[in-house]
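Just so you know, these numbers come straight off a predicted model, no measurement behind them.
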Amino acid sequence: MAKLAKNILLVLLLAACLPLAATAAQSPTPYPVAYWVNGALQKDASSLPPTLDGFKLYFYKAPGNGFVPTFDYAVASSDASGNFSINALEDLSLTPLAAATYYFGVEKKEFTVGGVKRSWGINETAVDLSQADINSGYKNIAESLTTLVEGAGLTPSGETSGLTIFRAGDTKDSNILIAWDTKIFLTPPNIYARTGDGNGLYVSDYDAKWVRAFDGTTVLGGLPAELGSFKVDPLIPNTLVHEKQVGSGSVEVYYKAYLGATNPPTGADLAAFSSAPAVGKLIVVAYGSKKNNAIGIPFVVSSGKIDDVLSTTLQQKDIEYLKFDSSTQQYAGGYYDSGWKGTAITLSQGDGIWIYNPITGSDIVMTIVGNVPKKGLAVSCTIFGPKKNNKIALPHPQGAALTLSGLDPLAGSEILIFDNFNQTYTGTYVDSGNWKSDLWVKPGKGFWYYNLNGTFDWSTMVKK
């Protein structure tokens, strides 16, 4: 572990030729360990749903527009009586709490009642915290806000909408699997695919780069060579197989499940295609021979484990990882030696991580897969300040210049982007109200943001 921390400090110091304050303070910021949001779920007027236990309840910072937010939330489950206590500081990004409006909601939960599938939940509800509430250490949510409503509730993964993606394995030339949920897709969907060169070329709207690979029954012919080959495996139902795409094929590939009437989409179906759920893969490399690698997570991922998000091929002796907590300005890390040793970490959309690969002549090629946020759905990340370094990453796969990605040129702000192959930084800073260089931010890259000013939320989204 000391190797990676020492090497990162070295490259930060080498970047001192830029007017950037990139070295991190290592003193933890004091923070409360718990703040409880309490309440009790209630059945509706018809004494439904059948049970009250096992509902997932969320407390969060910014409106999620009906979806469980991907940043800045705490979660808990209800007991058999419907009682719940959410530790609002489970996510340190909510620290410190402020006298402000927060949000509460309950994820939809499905039951079969009289042979019919029905669901209950609670839609996004504003909860105002006063300074007195904060001082007390808890907030009790009124019963009038905790009655379950049929058909209501947060969608846990509005970005997925029934489409998921998996790596069949982590070895080079393993297959990618694109699966659809038959409860959402009552008929098999068309699957369109789109390739890119790694700069973040995802586009939600239909254009000529989107190619129909599957018509719901059959793999189509005449596909561009860069797409490779697809197949349907009868042993894997409701799934399209994209062959030999792990660690190979195009650097980035995106897939959409589309049920429109026209192929390619035209007229009113253009909007249906734009809003159709998408998943993607992105290849990133952890270069070897004692190199540090800044990696970012651009998708909504189903598991936060390092092996699941990145690759089990990282399981090699002396591979190290470091994750920076922007709130406390502290690192947590581990290394591999017949198993991961050190501090366990969780990776999620928008996280940046360091991977140290000391193995001579061995570049580790990893394929990150996950769901793409829907077009126009804001994804927020807290940028801590004042005078704090933040390790962040683009939380979607649509590359853009800093300003187009929503990183406004705030006075005193500075950016450092690390080149994993060359082991050098490229940086910029705010000069006279503008970025000195409006650098391109691409998915799969973790980068530093130095924030001279107060804490704020970076909001970014897929725009086209």
Name all pairs fulfilling the salt bridge (charged side-chain N to carboxylate O under 4.0 Å, His left out) condition that reach into residues 274-286, sequence neighbours left out, sorted by first residue then second. none
Taking R194 for its side chain and L201 for its backbone only, find out whether a donor-acceptor pair lies under 3.5 Å. yes
Evaluate the ring planes of F418 and W354, with Trp represented by its six-membered ring, and classify them as parallel (under 30°), tilted (30 to 60°) or perpendicular (over 60°). perpendicular
Who passes ring pair (Phe, Tyr, Trp, His ring centres under 6.0 Å) against F299, sequence neighbours left out? none
Sorted by chain and number, sequence neighbours left out, ring pair (Phe, Tyr, Trp, His ring centres under 6.0 Å) with W210 holds for F273
Indicate, with yes or no, if the rings of Y331 and F324 have centres closer together than 6.0 Å. yes
Under the side chain to side chain donor-acceptor pair (under 3.5 Å) test, residues paired with D53 that sit two or more places apart: T51
Just wondering, do L314 and W340 contact through their side chains at under 4.5 Å, heavy atoms? yes
Tell me which donor-acceptor pairs under 3.5 Å the side chains of residues 132-139 have, and how far apart each pair is, sequence neighbours excluded?
| from | atom 1 | to | atom 2 | distance (Å) |
| --- | --- | --- | --- | --- |
| D133 | OD2 | S130 | N | 3.0 |
| D133 | OD2 | S130 | OG | 3.1 |
| D133 | OD2 | K139 | NZ | 3.2 |
| N135 | OD1 | Q131 | NE2 | 3.0 |
| N135 | ND2 | Q131 | O | 3.3 |
| S136 | OG | D133 | O | 2.6 |
| S136 | OG | Y138 | N | 3.4 |
| S136 | OG | Y138 | O | 2.9 |
| K139 | NZ | D128 | O | 3.3 |

Strictly by salt bridge (charged side-chain N to carboxylate O under 4.0 Å, His left out), give each pair with a member in residues 444-461 just once, sequence neighbours left out. K61-D457
For D308, salt bridge (Lys or Arg N to Asp or Glu O under 4.0 Å) partners two or more places apart: none
When the ring planes of W458 and F447 are compared, do they come out parallel, tilted or perpendicular, using 30° and 60° as the limits? perpendicular
Tell me, please, which residues at least two apart from W180 pass ring pair (Phe, Tyr, Trp, His ring centres under 6.0 Å). F214
Among all residues two or more places apart in sequence or in another chain, which pass the salt bridge (Lys or Arg N to Asp or Glu O under 4.0 Å) test with D438? none
Residue pairs passing the salt bridge (charged side-chain N to carboxylate O under 4.0 Å, His left out) test with at least one member in residues 416-429, sequence neighbours excluded, are none
Excluding sequence neighbours, so at least two apart, what forms salt bridge (Lys or Arg N to Asp or Glu O under 4.0 Å) with D337? K317
List in chain and number order the residues that pass salt bridge (Lys or Arg N to Asp or Glu O under 4.0 Å) with E143, two or more places apart in sequence or in another chain; answer none if no residue qualifies. none
